[in-house]
Protein chains: 2
Amino acid sequence: MTKPMKKRDAKKSKKLILDCAIKLFSTNGYSSTSMEELAKMCDLNKAMIFYYYKTKQGLYEAVIIQILDEIYATIIKENADISKPMEELESFIKTYALFACSHSYLPSLLLRELSDSGAKMPKTLFFHMRKLYILFASILDRGVKKGCFEDVIPMIVYFMVVGTLNLMVTTKPLRIKAHEIDGIDTCSTCDMDEISEYLIKKIKKMLKEK
Amino acid sequence: MTKPMKKRDAKKSKKLILDCAIKLFSTNGYSSTSMEELAKMCDLNKAMIFYYYKTKQGLYEAVIIQILDEIYATIIKENADISKPMEELESFIKTYALFACSHSYLPSLLLRELSDSGAKMPKTLFFHMRKLYILFASILDRGVKKGCFEDVIPMIVYFMVVGTLNLMVTTKPLRIKAHEIDGIDTCSTCDMDEISEYLIKKIKKMLKEK
DNA sequence: TATAATTAACTAATCAGTTGGTTAATGAGG
DNA sequence: CCTCATTAACCAACTGATTAGTTAATTATA
């Protein structure tokens, strides 16, 4: 009846903490996430969290970097061999949509951070968010210069795309419930492909010249 | 040197607590808002919060009802003597935009609540949110039947409008800062009228028949 | 054996909510 | 108009639970 002794693996432990932290932070938010709870989820002692990440804030920033680096890299990769702005825009939307759908902590985390005025937003998050927007804006800009888009306010268009996609992901359970309750059409059975197809179609129409 | 004694006014105190709670909940979120802090802000004893609102959750729901009733009533009022779907849509967007701008706790609170899957969202909030969406969807529906709109998925269009407006409000300080740092165009000097005008124009173009 | 990984047990602060009591306003009877 | 009882409004001080973060000792591994 000896206790099953755990293998020691620093990398694995550190990664495990990060992965669990992503789940907890994105579902509960920063301040409702308890380090005790996180430790239990990892089956590690709470002190290990501080051993690897110093502070709760430090862990949170590591989570952010992980998530935003991932989506940025994914979009860059998918856009690699496209040169037409119209197709780049399409690819951006489609890639973001798929990623957001399969990594739903991204929309949760972004919306939560954007829901206040960013007074205490970590600098790293702010930096990475700007990077993603700049990428999007540059696609639009090239499109305008090539004459495929007109009358563009990039910031608004960006939020029309990314904001909508994020909300469609995070509200999925609510939309299903709302449909069950009042029978209203909440797009509750749409999958992410349909959503991004529709969005692409509409954004194109919106930006195209008469 | 007698201490300046406070007049007793139950209604005023109760209202004061609610007003301060709106500010705190929308800027800090539910769990980061301390009842102690709120009491200090009201210059009342903490026990008074529980005297009037029983629990923190109860206070939060009172806050929600207050905010969402207000925006709903405002939109209904502004739409009262309009019958054309196109104008109704325009009025909805314009009214929502102005309200969101002058009551910025609304976007903060909505985005925050929508950023998780709504597992612990108060029933009252869910109910009021549906009401607002149903109003919007019915405008679109009438428009489709009258032939002014085509190819409409109301849920997506709703988020394109409301999601974008909410984000433009909450991110205002961040957008200004981003513009200062990288010189990028973040629509940082746009006022809410320009934003809603642009949005109306684009949404119209999006939904109008060829 | 040296050091990296891990732990139990702790601290000090903060939290929502309660308790038991103290004022201030109110209304009725003299 | 005054007085006294009733009650609504208010508060200081508390409870018990939870929090982020620390420490000092203990394993496992190279």
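Naming convention: chains lettered A, B, ... in sequence-line order (proteins, then strands); numbering from 1 in each chain. Predicted model, so just to flag it, every value in this text is computed and none were measured.
Ion pair B:Asp193/B:Lys94 not flagged as a salt bridge, since none of the NZ, NE, NH1 or NH2 atoms sits closer than 4.0 Å to an Asp/Glu carboxylate oxygen. Salt bridge annotation for A:Asp19-A:Lys15: present, with a cationic side-chain nitrogen under 4.0 angstrom from a carboxylate oxygen. No salt bridge links A:Glu61 with A:Lys123; every basic N to acidic carboxylate O contact stays at or beyond 4.0 Å.
A:Ala97 and A:Met192 get closest at one heavy-atom pair: O-CG, 3.4 Å.
Checked by atom type and distance alone, the side chain of A:Lys46 never pairs as donor or acceptor with a backbone atom of A:Ala39 at under 3.5 Å. Side-chain atoms of A:Lys54 never come within 3.5 Å of backbone atoms of A:Leu59 as a donor-acceptor pair (strictly under, hydrogens ignored).
Here C:dT14 presents its C1' atom at 12 Å from CD of B:Glu37, a figure rounded to the nearest Å. Between the P atom of C:dT18 and the CD atom of B:Glu36 lies a distance of 15 Å, rounded to the nearest Å. Between the NZ atom of B:Lys54 and the C1' atom of C:dT18 there is a distance of 14 Å, given to the nearest Å. As rounded to whole Å, 23 Å separates atom P of D:dC14 from atom CE of B:Met35. As rounded to whole Å, 17 Å separates atom C1' of C:dA16 from atom OH of B:Tyr60. The CG atom of B:Leu59 sits 10 Å away from the P atom of C:dG17 (whole-angstrom rounding). What separates NZ of B:Lys7 from C1' of D:dC10 is a distance of 16 Å, to the nearest Å. Taking atom CG of A:Leu44 as the reference point, atom C1' of D:dT27 lies 15 Å away to the nearest angstrom.
For the side chain to side chain contact (heavy atoms under 4.5 Å, CB included) with A:Phe136, the lone residue among A:Leu89, A:Val162, A:Asp141 that qualifies is A:Leu89.
Near DNA chain D, defined here as any heavy-atom distance below 4.0 Å, the residues from residues 46-53 of chain B are B:Ala47, B:Met48, B:Tyr51, B:Tyr52, listed numerically. The stretch residues 10-33 of chain A touches DNA chain D through A:Thr33, each having a heavy atom within less than 4.0 Å of the strand.
Residues meeting the side chain to side chain donor-acceptor pair (under 3.5 Å) test with B:Ser138, sequence neighbours left out: B:Arg142. Considering only residues two or more places apart in sequence or on other chains, B:Tyr133 meets the ring pair (Phe, Tyr, Trp, His ring centres under 6.0 Å) condition with B:Tyr158. Contacts of B:Phe99 classified as ring pair (Phe, Tyr, Trp, His ring centres under 6.0 Å), with partners at least two apart in sequence or in another chain: B:His103.
Taking the six-membered ring where the residue is Trp, A:Tyr30 and A:Phe25 present parallel rings, their angle staying beneath 30° rather than reaching 60°.
Rounded to 10 degrees, the angle separating the terminal helix axes of the helix from C:dT1-D:dA30 to C:dG30-D:dC1, each built from five base pairs, is 10°.
OP1 or OP2 of D:dA12 sits under 4.0 Å from a side-chain N or O of B:Asn45.
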